[in-house]
Each structure stands twice: as C-alpha cells, then as structure tokens.
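Okay, so here's the structure we're looking at.
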Amino acid sequence: MIALADCNNFYASCERVFNPVLNNKPVIVLSNNDGCVIARSNEAKKLGIKMGVPVFKVRDIIIKNNVYVYSTNFALYGDMSSRVMSLLSKMSPEIEIYSIDEAFMNFTGIKNPTALALDMKSTVKKWTGIPISIGIGPTKTLAKVANYIAKRKTNSGIFGLFNYNDTIHSLKNLPISEIWGVGSRYSKMLYSNGIKTAYDFICLDKNWVLNNMTIVGLKTQEELKGHKKISLEIYKNRKKNICTSRSFGKKIKDFKLIKESIVAHATRCAEKLRRQSSCARYISVSIQTNRFDNPKSYYHGYQSKIIDLPTNNTIYLVNIAVKILESIYIKDLEYKKSGVIVGDIVPANQIQLNIFNNHQITEKQRVLYDAVDSINDAMGRDKIRLLGHGINRKWSLKKENLSPRYTTDWSDLLKIKV
DNA sequence: TCTGGGGTCCTAGGACCC
DNA sequence: TCTGGGGTCCTAGGACCC
C-alpha cells in the first residue's frame with residue numbers, strides 16, 4: 001500500500017498559521033510579480049476564484065468579499081514544508097518527497113493504515129499548524145485518487161482504496177481530467193472519444209492507449225488497475241536541469257537591464273549547482289517578449305551551449321550566458337521575461353579533468369565561493385554579488401503584499417503583545 | 001494597465017558512424 | 001539504371017506535474 005499526504009491549500013495555510021485572523025476568511029496567494037492566483041483557501045475557492053487566473057480578472061470579487069491577498073513568500077513556505085516532511089518521515093521512514101506540499105509513503109505491511117494516517121494528520125497539525133489529507137491505495141496513481149476523495153468527500157481527511165469494489169465505484173465517479181497523468185490535452189482527446197470517467201479509461205484497449213498516449217498513458221492505465229508501474233523514489237536524486245527565470249516588473253528594451261537579469265539568473269543557477277555539489281555541462285539562455293500581446297510579433301529567442309568541461313563557477317557561467325544573450329538579443333523589442341537553464345548535470349567529484357581548460361574551480365576559487373555562499377546564506381541573498389548583477393534590480397518584480405519571513409529571519413519573528 | 005516558475009519524461013527526426 | 005542495414009547521439013517539441 002502507498003499513502004499520499006498532501007497539505008491542504010498549502011500556501012494559504014502557511015499564511016494562516018502566523019495570522020489567525022485569516023481563519024475562515026477567503027485567502028489567496030499570488031505568483032511572482034503578483035500576476036496569477038496560485039493558492040486559494042476553501043473560502044476563496046467558493047467565491048469562484050479559479051486556480052491560475054490573472055489577478056486583474058478577479059479584482060472585483062476580491063474587493064467585494066474582502067479577500068486577503070498575499071504575494072508569494074517562498075522562504076516561509078519552504079521552511080514550513082521541511083517541518084511537515086520531517087515529521088512525516090519520522091512516522092514513515094520510506095518516504096518520497098514529491099513536491100513542496102506532497103509526499104508518498106510506503107505503507108506496505110502496516111496493519112492499520114487508516115489509524116497511522118489519522119495519527120500523522122493530527123501530529124502534523126499539532127506541531128506545525130498545517131492541515132493535511134492522506135489517501136491510501138495499492139499504487140501511486142490510486143493513492144492520488146484516494147487523496148482526491150479524502151479532500152472532497154470525507155470529514156476525517158483520510159481515505160483508503162482497500163478493495164476492488166470500492167475502487168471500481170470510485171473510478172466510475174472520477175472525471176477523466178482528475179487522473180494524475182492526464183492533463184488538459186489528453187482529457188480533451190479522451191472526452192472526444194467518449195471517455196468521460198477513470199472507469200471508462202481502464203476499460204480501453206491497451207494498444208489504443210499505447211498508440212494515442214505513449215507508454216506514459218499506458219502506465220497510468222495499469223496503475224489505475226492496481227498494477228504498480230511507478231515506483232517510490234526514496235533516495236533523492238540530483239536534479240537533471242536547473243532553471244531560473246522571471247518575468248520583469250514591466251516591459252524592458254534596454255540591453256543593460258536585460259543583461260543584469262541574465263547575470264542574476266546565471267548566478268542563481270551556479271549557487272543551486274554548488275548547493276547540491278554538482279556541475280553542469282550545458283547552459284541555455286532565453287528572452288521573450290509578452291506572449292499575450294499580438295502573437296505575430298511574439299519573439300522567443302533562446303540558444304544553448306555545451307560547456308567543454310562541466311562547471312559550477314559563477315564567473316564562467318555568467319560570461320557564457322552574457323555571450324549567448326548578445327547573440328539572441330534583438331534591438332528595440334520590448335522584453336517581458338528572461339531565463340537561464342543549466343543541464344546535463346554531473347556530481348562535482350566525478351568530472352574528467354582536462355589540462356586544456358582552466359575554468360574549473362581552483363582551490364582558491366572554491367574557498368572564495370564557499371565564503372560568498374555562506375555569507376549570502378547568513379546575511380541574505382545577493383549581499384555579495386558580481387557587479388554586472390546591477391545595483392537597483394530595476395528589472396525585478398512586484399511584490400506588494402508580502403508576509404514576513406516568520407520562521408527564517410530573526411527580524412521577522414512573530415511579535416506577541418504582552 | 002495587469003497573465004508564474006520550476007521541473008520530468010517521451011518521441012520523432014536529423015546528423016553521423018561503420 | 002541500380003542506391004543497405006544497423007547503430008548512436010542530439011535536439012526540438014509536446015505532453016505532463018506542482
């Protein structure tokens with residue numbers, strides 16, 4: 001048996017933990033740049049605020065109903081997440097942390113899975129203040145189905161698919177679009193073929209699924225039938241790509257400002273590489289105009305380069321990134337977004353040395369980067385940075401409704417009146 | 001006026017090799 | 001006029017996830 005624990009309305013719940021005024025009130029959290037709605041409390045969902053909707057489209061609802069609005073505060077959410085995950089992993093050591101607010105756990109051999117799940121739920125609530133739901137099933141995909149039901153149709157927040165009849169009954173009531181692994185494209189395709197529920201889907205011929213939805217779709221179908229095809233990944237693997245990108249606060253033409261953003265993104269990528277002790281062999285830079293403007297004039301310039309020797313050297317990566325930027329930048333366009341991706345990542349200690357290259361981090365540079373990284377960890381991001389990074393970050397984003405970093409910054413500790 | 005940011009996996013097709 | 005058969009590697013694009 002596999003269990004899936006999922007934090008309810010995670011970001012909104014994090015805001016609530018430190019501000020009880022928000023209890024029972026509609027709360028939403030916005031994406032970077034205060035652009036879209038990316039989390040909603042149940043009360044906000046009831047008001048009809050949809051996931052991913054641009055804020056300006058629901059402004060009237062927000063004002064009319066006194067919806068509490070927050071900018072993203074990832075320092076807070078990341079810290080709350082690691083508290084929740086550490087509690088769960090104590091109670092169930094075989095755990096795969098799947099996302100910031102979800103974890104799969106191996107419940108094989110557990111005599112009373114429901115009791116364990118209830119215990120987890122109350123422990124997490126007591127120690128962190130975060131409400132969670134847990135679904136249990138024979139496969140990951142069925143655990144997802146169970147979690148879906150736990151959230152919507154139970155009071156306890158716990159639901160298990162333990163036998164055949166329950167499972168069939170649940171699948172008959174599950175819309176095809178809610179299946180893990182079936183997104184908007186496949187839902188549309190399946191729907192137009194008369195497939196409306198998860199049950200309809202498992203009745204389909206295997207070959208038809210393979211031909212129309214590749215091996216990935218077939219795995220999903222098998223998992224829904226109770227056959228394990230997606231295994232629990234307990235051991236953290238290094239990321240295969242690392243991406244840093246942002247929309248600008250406003251449209252930008254000026255090469256200098258765009259360059260500053262690319263320097264900042266490449267710097268961040270190098271930091272992320274060093275944090276996981278790895279090096280990248282490939283780097284890609286992209287710049288885009290606003291894709292919501294006239295589609296004919298939309299420009300998305302991107303280009304990648306193979307690095308001859310894998311590296312996590314900030315200065316080297318920044319230099320390549322800027323060179324790539326120079327070759328994709330077109331004058332007089334108004335840019336809205338830029339990004340840097342590094343990939344083909346290898347562990348730093350497994351690099352084949354090459355005497356003709358000298359951008360490998362030397363001992364001296366390693367000491368330098370260790371110092372820079374630890375100062376920035378302690379004092380705040382970018383306290384020490386390359387000059388090309390810019391001073392004002394004029395390209396940077398809007399964050400108008402930011403909550404304090406209650407758990408990660410001394411100056412933002414919650415104040416209690418005595 | 002205002003539209004997120006980070007990932008994964010699979011496939012088809014082209015370049016190249018013998 | 002006739003024009004093989006087997007590989008590998010890389011990239012772009014498309015699907016998905018939270």
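Given the structure is predicted, the values throughout are model-derived calculations rather than measurements. A, B, ... follow the sequence lines: proteins, then strands. Residue 1 opens every chain.
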Which value, rounded to the nearest 0.5 Å, describes the distance between A/S71 atom OG and A/D34 atom CG? 3.5 Å
Could you state the CD1-P distance from A/I215 to B/dA12, rounded to the nearest angstrom? 12 Å
Does OP1 or OP2 of B/dT1 have a side-chain N or O of A/R59 closer than 4.0 Å? no
Whole-Å P distance, C/dC18 and B/dT3: 25 Å
Annotated protein contacts, base or backbone, on nucleotides 13-18 of chain C with a non-hydrogen cut-off under 4.0 Å, one of B, S, - each: S-SSSS
State which residues pass salt bridge (charged side-chain N to carboxylate O under 4.0 Å, His left out) with A/K50; sequence neighbours excluded, sorted by chain then number. none
OG1 of A/T139 to CE of A/M1: how many Å apart, nearest 0.5 Å? 9.0 Å
A/T244 near the nucleic acid: base, sugar-phosphate alone, or nothing, with a heavy-atom cut-off under 4.0 Å? sugar-phosphate
Which listed nucleotide (B/dT3, B/dG7, B/dC10) is nearest to the side chain of A/K272? B/dG7
Check the side chains of A/D79 and A/T408 for a donor-acceptor pair under 3.5 angstrom, ignoring hydrogens and angles. no
Grab the CD1-P distance between A/I230 and B/dT8 for me, whole Å please. 16 Å
Starting from Watson-Crick (N1-N3 plus N6-O4 or O6-N4) and G-U wobble pairs under 3.5 Å, report the runs of at least three that DNA chain C belongs to. B:5-18 with C:5-18
Would you tell me if any nitrogen or oxygen in the side chain of A/S247 comes within less than 4.0 Å of OP1 or OP2 on B/dG5? yes
Would you say the side-chain atoms of A/N290 and A/K337 include a donor-acceptor pair closer than 3.5 Å? no
Looking at B/dT3, B/dG4, B/dG7, which one has an atom nearest to any side-chain atom of A/P54? B/dT3
With rounding to the nearest 0.5 angstrom, report the OG to CD1 distance, A/S284 to A/I306. 10.5 Å
Are OP1 or OP2 of B/dG6 and a side-chain N or O of A/S245 less than 4.0 angstrom apart? yes
Separation of C/dC10 C1' from A/I306 CD1 (nearest whole Å): 8 Å
Given atom OH of A/Y282 and atom P of C/dC10, what is their separation to the nearest angstrom? 12 Å
Rounded distance in Å - CG (A/N32) to C1' (B/dG4): 6 Å
Measure NZ/A/K240 against C1'/B/dG7 and give the value in whole Å, please. 11 Å
C/dC10 C1' sits how many Å from A/K305 NZ, rounded? 16 Å
Regarding A/K57, tell me which of base, sugar-phosphate or nothing describes its non-hydrogen contacts under 4.0 Å with the strands shown. nothing
d(A/D382 CG, A/R268 CZ) to nearest 0.5 Å is 4.5 Å
Looking for any heavy atom pair under 4.0 Å, which part of the strands does A/V55 touch: base, sugar-phosphate only, or nothing? nothing
Here's a test of your reading of the structure: between A/I242 and A/F74, which maps to the more 5' nucleotide of DNA chain B? A/F74
Answer yes or no: does a side-chain N or O of A/N241 lie under 4.0 Å from OP1 or OP2 of B/dT8? yes
A/R291 or A/C243, whichever maps to the more 5' nucleotide of DNA chain B: A/R291
Check the angle between the aromatic planes of A/Y77 and A/F74 and answer parallel, tilted or perpendicular using the 30° and 60° thresholds. perpendicular
In terms of relative ring orientation, are A/Y335 and A/Y299 parallel, tilted or perpendicular, with 30° and 60° separating the classes? perpendicular
Whole-Å distance, A/F248 CZ to B/dT3 C1', equals 16 Å
Supply the atom-to-atom distance A/R246 CZ to A/N32 CG, rounded to the nearest 0.5 angstrom. 4.5 Å
Please round to the nearest 0.5 Å and tell me the distance separating atom CG of A/L190 and atom CG of A/L204. 7.0 Å
Reckon A/K337 touches a base, only the sugar-phosphate, or nothing at all at heavy-atom distances under 4.0 Å? sugar-phosphate
Candidate nucleotides B/dT3, B/dG5, B/dT8, ranked by approach to the side chain of A/R246 - the nearest: B/dG5
side-chain N/O A/K250 vs B/dT1 OP1/OP2, d < 4.0 Å: no
